[in-house]
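As structure tokens, the structure follows; a few thoughts come after it.
One-based numbering, in listed order, for ligands and for the atoms of each. Just so it is clear, the structure is predicted and the values come from calculations on it, not from any experiment. Sequence positions, counted from 1, serve as the residue numbers for this chain.
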Amino acid sequence: MSPAAVLAAVGAALPPHTVSNDDLAARMDTSDEWIRSRTGITSRHVAGIDQSTADLAVQAAAQALNGSYSPGVDALVVATTTPDRCCPATAPTVAARLGLTGVPAHDVAAGCTGFLYALATAAGLIAAGTAETVLVIGADRLASLPRPDDRTTVPLFGDGAGAVLLRRGDADEAGALAPIVLGSDGTCADLIAAACPGTLHMGGADVFRHAVERMSTASRRAATAAGWDLAAVDRLVPHQANSRITSFVARRLGVPDARRLSNVAHVGNTGGASIPLLLTQAHADGRLQSGHRTLLTAFGAGLPWGAVALTWPDLTHPTEGAGHDR
Ligand code: ACO
């Protein structure tokens with residue numbers, strides 16, 4: 001049997017400063033009611049100028065490592081759309097700050113799907129025999145991308161990081177990643193774009209349509225690849241773009257809303273951090289428990305998409321202290 005990548009620990013980090021919808025309404029032409037009804041978001045965490053993407057990544061990774069029995073880390077992958085610098089990549093700096101100087105470390109750029117692409121990269125490193133354990137981190141400061149007065153994009157985004165540790169294991173054990181489904185459509189690259197450097201532009205309605213379609217299709221394929229019927233899914237963990245998108249996806253898949261995990265209300269869209277941040281919070285507060293058949297799916301600027309299934313493992317160390325928002 002070929003080796004599998006098995007989830008062994010989770011961690012997350014959120015900047016302490018929060019910005020509510022009312023705070024936004026005080027400085028632009030919007031309202032709490034408009035934002036909540038369109039997106040499900042009520043507040044978001046926003047990093048100060050003294051908190052970089054690397055800072056958030058290190059904090060999330062350190063928490064994952066604290067909650068792990070793993071003896072070491074052989075490689076590190078950071079998924080981010082908001083690296084601290086265009087060059088060099090963020091990952092080697094993060095590795096060095098974690099005391100992992102010398103391990104292979106690189107960034108993955110795949111928008112809000114970056115975490116799933118990074119999982120696939122890490123699983124490949126394990127399958128290739130390059131690494132036994134890989135830290136996969138999603139970290140973004142998306143709140144810094146929109147033009148500060150753009151009411152159509154500012155309310156959507158927040159900052160944060162999430163991390164998981166993958167170890168080499170067997171395909172039939174809890175935590176093993178089933179085949180990861182990935183795709184992209186660069187013909188729609190202009191739907192969500194930010195110049196380098198520059199501000200974000202988004203065609204909201206088209207993004208909405210693509211997000212629902214691509215995440216639903218990828219989720220179906222990932223469930224099939226895992227040998228699951230969709231009715232067997234206990235927890236759907238969609239990229240937290242906004243709650244209308246994720247509830248449409250759940251409905252399309254026939255997954256009851258009670259099984260759709262969400263934290264978007266208090267963190268907004270945190271890009272590559274979205275899924276590992278939600279996994280960490282849901283694991284900490286019991287929404288995600290050992291044995292739950294869990295389906296992850298994401299969609300992002302590019303347009304890339306992806307999905308993967310795993311049975312949630314028994315993570316024996318608690319991870320309280322990660323963001324506790326829901
Ligand atoms: N407050 C008040 N009014 C607003 C705001 C705001 N914050 N933003 C836009 N409006 C106005 C618009 O100007 C427009 O006014 P008009 O009719 O006078 O022109 C009106 O509200 C309706 O605007 P729409 O864009 O049609 O609003 P819609 O109902 O489509 O909701 C939204 C917009 C929430 C962005 C929706 O299109 C959406 O969810 N799109 C998905 C985008 C997304 O989640 N992207 C995340 C990044 S990409 C990713 O993560 C994959």
Are Arg141 and Asp84 within salt-bridge range, i.e. N to O under 4.0 Å?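 Salt bridge absent between Arg141 and Asp84.
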
Does some side-chain heavy atom of Leu56 sit less than 4.5 Å from a side-chain heavy atom of Pro15?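 Pro15 vs Leu56: side chains touch.
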
Counting C-beta onward and ignoring hydrogens, is there a side-chain heavy-atom pair between Asp150 and Leu200 closer than 4.5 Å?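 No. Closest side-chain heavy atoms not under 4.5 Å.
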
At less than 4.0 angstrom from any atom of ligand 1, which residues have a non-hydrogen atom? List them by chain and residue number.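 Those residues closer than 4.0 Å to ligand 1 by some heavy atom are Asp29, Thr30, Trp34, Arg38, Thr39, Cys112, Arg151, Thr152, Pro155, Phe157, Ile192, Met202, Gly204, Ala205, Val207, Phe208, His239, Ala241, Asn242, Ile245, Asn269, Phe299, Gly300.
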
Is there a path of hydrophobic side-chain contacts, each under 4.5 Å between heavy atoms, that joins Leu261 and Met215?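 No, separate clusters.
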
Nearest-0.5 Å distance, CZ of residue Arg221 to CD1 of residue Ile180: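 Atom-to-atom, Arg221:CZ and Ile180:CD1 are 12.5 Å apart.
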
Does a sphere of radius 6.0 Å around CZ in Phe248 hold more than 12 heavy atoms from other residues, nucleotides or ligands, not counting ones at 6.0 Å or beyond?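 Counting other residues, nucleotides and ligands, CZ of Phe248 stays at 12 neighbours or fewer.
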
